[in-house]
Amino acid sequence: MENSKKETKCDEIIKNDKGEVVGIEVRENYRFDRNLKNDDRENKTGIKKKILRKNGGSFCYGWI
């Protein structure tokens, strides 16, 4: 997959006024830090981006 992203964290699911999912806000090049007490709240690494959907989308996760 050429367009696959590694070390990307989803911060927010973006919805419109009708409650429909229209995109996500992510941080690319995010570096997980297991030494932090709460990585999700304390870690601010990565480049913020908004990815808006065109026709549909899927949401998945995984690790190697």
Side-chain angles (χ1 to χ4, degrees):
M1 298 180 100
E2 289 182 28
N3 292 330
S4 66
K5 303 285 184 188
K6 294 184 179 179
E7 302 294 338
T8 301
K9 179 181 184 293
C10 179
D11 283 331
E12 185 177 348
I13 297 173
I14 303 167
K15 296 180 181 180
N16 64 14
D17 294 337
K18 297 178 183 178
E20 302 167 327
V21 174
V22 295
I24 58 175
E25 187 174 288
V26 301
R27 282 187 274 159
E28 290 184 353
N29 300 318
Y30 183 83
R31 298 290 175 213
F32 293 93
D33 187 346
R34 295 174 195 247
N35 297 319
L36 293 175
K37 185 175 181 179
N38 188 333
D39 183 78
D40 194 46
R41 291 186 179 162
E42 296 177 43
N43 192 336
K44 303 298 180 195
T45 63
I47 301 164
K48 283 192 171 195
K49 291 188 176 183
K50 286 187 180 180
I51 301 171
L52 302 177
R53 70 170 176 88
K54 292 181 182 177
N55 296 317
S58 62
F59 201 59
C60 59
Y61 67 94
W63 60 92
I64 296 176

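Position 1 is the first residue of the sequence; numbering continues from there.
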Inset, instruction - Give a yes or no on whether a salt bridge exists between Lys49 and Glu28, defined as a side-chain N under 4.0 angstrom from a carboxylate O. - result: yes
Legend entry - Closest contact, heavy atoms only, Thr45 versus Arg31: OG1-N, 3.0 Å
Inset, instruction - Report yes or no: does Lys44 contribute a side-chain atom to a donor-acceptor pair with the main-chain N or O of Arg41 at less than 3.5 Å? - result: yes
Inset, instruction - Sort and list the pairs that fulfil ring-ring contact (aromatic ring centres under 6.0 Å, His included) and have at least one residue in residues 19-55, not counting sequence neighbours. - result: Tyr30-Phe32
Legend entry - Spacing of CG belonging to Leu36 relative to CG belonging to Asp33, to within rounding of 0.5 Å: 4.0 Å
Inset, instruction - Show the numbers, then the answer: is there a side chain to side chain contact (heavy atoms under 4.5 Å, CB included) between Glu25 and Ile13? - result: CA-CA 6 Å; Glu25 187 174 288; Ile13 297 173; over 6 Å; no
Inset, instruction - Please determine if Asp11 and Arg27 form a salt bridge, counting it only when a charged side-chain N lies under 4.0 Å from a carboxylate O. - result: yes
Legend entry - Note, Val26 side chain near Ile51 side chain (heavy atom, < 4.5 Å): yes
Legend entry - Donor-acceptor under 3.5 Å (Asn16 side chain, Val22 main chain): no
Inset, instruction - For residues Lys9 and Asn43, determine if any side-chain heavy atom of one lies less than 4.5 Å from a side-chain heavy atom of the other. - result: no
Legend entry - Side-chain donor or acceptor of Glu42 paired with backbone N/O of Asn38 under 3.5 Å: yes
Inset, instruction - Walk me through it: do Lys50 and Ile24 pass the test side chain to side chain contact (heavy atoms under 4.5 Å, CB included)? - result: CA-CA 6 Å; Lys50 286 187 180 180; Ile24 58 175; over 6 Å; no
